[in-house]
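Quick notes on the structure that follows.
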2 protein chains.
Amino acid sequence: MLMHNPPHPGEVLRELCLEPLGLTVTAAAEALGVSRKTLSAVLNGKAGISPEMAVRLSIAFDTSAESWLNQQSQYELWHAEQHRKELNVKKLVAA
Amino acid sequence: MLMHNPPHPGEVLRELCLEPLGLTVTAAAEALGVSRKTLSAVLNGKAGISPEMAVRLSIAFDTSAESWLNQQSQYELWHAEQHRKELNVKKLVAA
DNA sequence: GTACCCTGTAACGTATCAGGTGTCAAAGCG
DNA sequence: CGCTTTGACACCTGATACGTTACAGGGTAC
């Protein structure tokens, strides 16, 4: 299982896509077809990477949409696991 | 890429977890700690598998939360890909 | 027929969240 | 000093996950 808090996918996005290309948030947002705020929110961890956003990233940066979505899933899953004991779930099959 | 419409993860859940164990929706919902309506919505494709639900499933059925979440991601991604051409995204790196 | 259980679903309210528009502070440039 | 650009924030909207309650329909047992 994941032991440590994974970084926001937006953090990875900034380091792996924007910075290497010297792209500003405004320029990247325009290319992606979203508002500056929307991209800004993603980059700062205020919003996740939606399936639609993953497709946008895959087109603009010629990457895999799945990888972005998987990163997002792992991030959300890690946070959900932190509340595992409060879920009050009964086991239906033996562990 | 995915060529065909993937099934709702809820459909898989019903066939792989509920039916083999002879579980009713009511019984499974109670064990999972959610309302019958919530589980029913998932099973019938009216709702997706949330990260929290994935953790619930992993506990109750001793399965991988990741696999459920990945199925959900693939499902959402396939639908998002269907609108790829309407997104108006500019390529920032060569394909 | 009557009673009971299981199911799906509609209506209502809650919380969360992606996204857009508008505004504002800070930094760069004439 | 102005002025543009950039990036972050506040507010509103639409969608969704979840809960409760209630209803209609199909079984099955009595």
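Here is the naming used below: chain letters follow the sequence lines, and residue numbers restart at 1 for every chain.
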Among residues two or more places apart or on two chains, list those pairs meeting ring-ring contact (aromatic ring centres under 6.0 Å, His included) that have a residue in residues 6-59 of chain A.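 Every pair satisfying ring-ring contact (aromatic ring centres under 6.0 Å, His included) with a residue in residues 6-59 of chain A: A:H8-A:Y75.
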
Enumerate the ring-ring contact (aromatic ring centres under 6.0 Å, His included) contacts for residues 44-66 of chain B, please, sequence neighbours excluded, ordered by first and then second residue. none

Could you work out, with side-chain contact (heavy atoms from CB on, under 4.5 Å) as the rule, every residue matching [X], not counting sequence neighbours?
{"X": "B:D62", "result": "A:V93, A:A95"}
{"X": "A:S67", "result": "A:S64"}
{"X": "A:P20", "result": "none"}

According to side-chain hydrogen bond (donor to acceptor under 3.5 Å, both in side chains), does anything in residues 14-30 of chain A pair up with another residue at least two apart or in another chain? List the pairs.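 side-chain hydrogen bond (donor to acceptor under 3.5 Å, both in side chains) check on residues 14-30 of chain A returns no pairs.
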
Just the rounded figure in Å: distance from [atom2] of [N] to [atom1] of [X].
{"X": "A:L87", "N": "D:dG19", "atom1": "CG", "atom2": "P", "result": "11 Å"}
{"X": "A:L39", "N": "D:dT6", "atom1": "CG", "atom2": "P", "result": "13 Å"}
{"X": "B:E11", "N": "C:dG8", "atom1": "CD", "atom2": "P", "result": "13 Å"}
{"X": "B:L43", "N": "C:dG8", "atom1": "CG", "atom2": "C1'", "result": "11 Å"}

Verify the distance criterion only: is there a donor paired with an acceptor across the side chains of A:W68 and A:S58 at less than 3.5 Å?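 No.
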
Which residues share a side chain to side chain donor-acceptor pair (under 3.5 Å) with A:E76, sequence neighbours left out: A:Q72

Could you run down the sub-3.5 Å N/O contacts of the protein with nucleotides 12-17 of chain D?
unit_1, atom_1, unit_2, atom_2, d
D:dA17, OP1, B:G48, N, 3.2

Output yes when at least one side-chain N/O atom of A:N44 is less than 4.0 Å from OP1 or OP2 of D:dG7, else no.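 So the side-chain polar atoms of A:N44 never come under 4.0 Å of the phosphate oxygens OP1 or OP2 of D:dG7.
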
For a quick test of reading the model: is some side-chain N or O of A:S40 closer than 4.0 Å to OP1 or OP2 of D:dG7? no

Heavy atoms only: give me the nearest A:K91-B:I59 pair and the separation to one decimal. CG-O, 3.6 Å

Nearest heavy atoms of A:S73 and B:L69, plus distance in Å: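 Looking at all heavy atoms of both residues, the closest pair is O-CD2, 3.7 Å.
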
Contacts to DNA chain D from residues 14-33 of chain A, heavy-atom cutoff under 4.0 Å, which residues? A:R14, A:T24, A:V25, A:T26

Does A:V42 reach a base, just sugar-phosphate, or nothing at all? Heavy atoms under 4.0 Å.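 Nothing, no heavy atom under 4.0 Å.
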
Would B:R84 and B:E81 count as a side-chain contact (heavy atoms from CB on, under 4.5 Å) here? Give the steps. CA-CA 5 Å; B:R84 166 182 276 263; B:E81 291 276 11; 3.1 Å; yes

Side-chain donor-acceptor pairs of residues 39-56 of chain B under 3.5 Å, sequence neighbours excluded:
unit_1, atom_1, unit_2, atom_2, d
B:S40, OG, B:N44, ND2, 3.4
B:N44, ND2, B:S40, O, 2.8
B:S50, OG, B:M53, N, 3.1
B:E52, OE2, B:R56, NE, 3.4
B:E52, OE2, B:R56, NH2, 2.7
B:R56, NH1, A:L87, O, 2.9
B:R56, NH1, B:L32, O, 2.8

Validation row: B:L23, B:C17 side chains within 4.5 angstrom (heavy atoms): no

Could you write out each protein N or O paired with an N or O of nucleotides 26-28 of chain D at a distance under 3.5 Å?
none

Which nucleotides of nucleotides 22-30 of chain C have their base under 4.0 Å from a protein heavy atom (B), which only their sugar-phosphate (S), and which neither (-), written as one string 5' to 3'? -B-------

